[in-house]
Amino acid sequence: YRDICALLLTQTHTRSSLGGTQLHAHVIKSGSQAVPLVTHHLINFYSKTQLPFLSLQVFDESGFQKTRTTWSSIISAFAQNELPVLAIEYFRRMVGEQTRPNDHNFPSAIKACAMIDQCDAGKCLHSMVLKMGYSCDVFVSSSLVDMYAKCGSISDSRKLFDEMPERDVVSWTALISGYIRCGLMEEARRLFYRPDALKNVVTWTAMVRGYVRLNLVNEAERLFDAMPVKNVVSWNTMMDAYVQMGQVDKVLDVFRRMPEKNIVSWNTAITMLMRHRRVDEGRRLFDEMPERDVISWTAMLTGLARNGRVDEARKVFDGMPVRNVVSWNAMINGYVKNMRLNEAFELFRIMPERNSSSWNSMIMGFIQNGDLDRARELFDRMPVKN
RNA sequence: CUGAGGAACUACCACG
């Protein structure tokens, strides 16, 4: 078991999905999924390789009494893979099985509340934290600072922050980002320049982003140049600065100069090119990029459709290895914008899941087609209106 | 003495 765990940990850190999957097969054959430590490693492996539903499968198939660590693994797998609703649900289940949450369980669950603006659930977790005596844990309280800020209660964030007996760089960054998100750049700045402030590359990048959002590109550039350390996210944020200004060539310049690129850098460049009708260059980047995710495909599809090449967009859509609701919406909207209502509606009918954007696109389509009755009918059938 | 936890960047519609 020791060897399996050590190997799994290596695969987790190198994100090597092939090796990990083979180890999983070996685990099943040898029956060692009954060993908690092995199961925990497997859940974490699938979480880090962004396959949370395989994490869940391992969780469900493990034949032992779940411990806090088992729960911690599965809850964080959901929270880190954009599945906040499931994270909260599994936190609830854990509590329902009389398992007392520990200091590792709370931050993931609180993060999940922050992701979906569930301030009520967040407050509920906060009172559990107080009751169980975890409010001095720096991970727990930093996650609360972040949660209140994301739910729009920045003053609660500040109060918590001021009362923390000890803070680390994440506590500082959560609060500073909170002020930036609320548009209170001045307050963010005051904190950032406080002599006792703890800052790292994430904090600096958040500040750069703050200036970008206010269209203060010169300030953003100044801060970016002054950064003691930059990483790929900092560079991506600078690309975004020029995206906002509509400076395509500056975007491409940063893209070429940056010391390393990740998938976000490529996606940003492609989106920008497509928005400025440089379709073939965008297509070339898309073909060149080392790996593509659902965002890359959707950006490509949207760009083609916006430039009137909707049939090519459809080919891209059909070629997608995975689709989500956004990609479906993008394709539907592409048809709508090109006055191809029938194809749009056909997709709308068969799509596996709809959100308000799907309905809005279709409704707009019928309106611009002069078919107000069907627009009205769809509007009435819309489950959630915005 | 194993393992799990919190902060910053990209794609669709409408609104601003």
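Lettering follows sequence order; numbering is per chain, from 1. From a predicted model like this one, the values you see are computed outputs, not experimental measurements.
Using a 4.0 Å heavy-atom criterion, one finds that D293(A) contacts no nucleic acid atom at all. Among the atoms of the strands shown, none is found under 4.0 Å from any heavy atom of R323(A). Nucleic acid contact class of T203(A) (heavy atoms, under 4.0 Å, all strands): none. Contact annotation for R167(A): no contact, since no heavy-atom pair falls under 4.0 Å across all strands. K199(A) comes within 4.0 angstrom of no nucleic acid atom, judged by non-hydrogen atoms across all strands. Across all strands shown, K230(A) has no heavy atoms under 4.0 Å from either base or sugar-phosphate atoms. In this structure, S142(A) reaches the bases: a heavy-atom distance under 4.0 Å links it to at least one base atom across the strands shown. Within 4.0 Å of S357(A), counting heavy atoms only, lies at least one base atom of the nucleic acid. Here N200(A) lies in heavy-atom contact (under 4.0 Å) with a base. Within the nucleic acid shown, V138(A) comes within 4.0 Å of at least one base atom, counting heavy atoms only. When heavy atoms are screened at a 4.0 angstrom cut-off, D168(A) is found touching base atoms of the nucleic acid. T298(A) comes within contact range of at least one nucleobase, with a heavy-atom separation under 4.0 Å.
Formation of a donor-acceptor pair under 3.5 Å by the N369(A) side chain with backbone atoms of G365(A) is not found in this model.
For the pair R68(A) and G5(B), the criterion of a side-chain N or O lying under 4.0 Å from OP1 or OP2 is not met. Applying the 4.0 Å criterion to OP1 and OP2 of A4(B), one finds that Q80(A) has every side-chain N and O outside that range. At A7(B), one or more side-chain N or O atoms of K111(A) fall inside 4.0 Å of OP1 or OP2 (strictly under the cut-off). N105(A) has no side-chain polar atom (N or O) that falls below the 4.0 Å cut-off from OP1 or OP2 of G5(B).
By the 5.5 Å and 30° criteria, H104(A) is stacked with the base of A4(B).
At least one side-chain heavy atom of S135(A) sits less than 4.5 Å from a side-chain heavy atom of L130(A).
E346(A) CD: 12 or fewer foreign heavy atoms inside a 6.0 Å radius.
Between F106(A) and F91(A), the angle of the ring planes lies from 30° to 60°, which puts this pair in the tilted group. Aromatic ring pairs are classed by plane angle as parallel below 30°, tilted from 30° to 60° and perpendicular above 60°; the pair F78(A) and Y90(A) is tilted.
For the pair I367(A) CD1 and C15(B) P, the computed distance is 10 Å after rounding to whole Å. Taking atom CG of residue L37(A) and atom P of nucleotide A4(B), one finds them 10 Å apart after rounding to whole Å.
When the nucleotides A11(B), G3(B), G5(B) are ranked by their closest atom to the side chain of H41(A), G3(B) comes out on top. Out of G3(B), U10(B), G6(B), the shortest distance to the side chain of L9(A) is found at G3(B).
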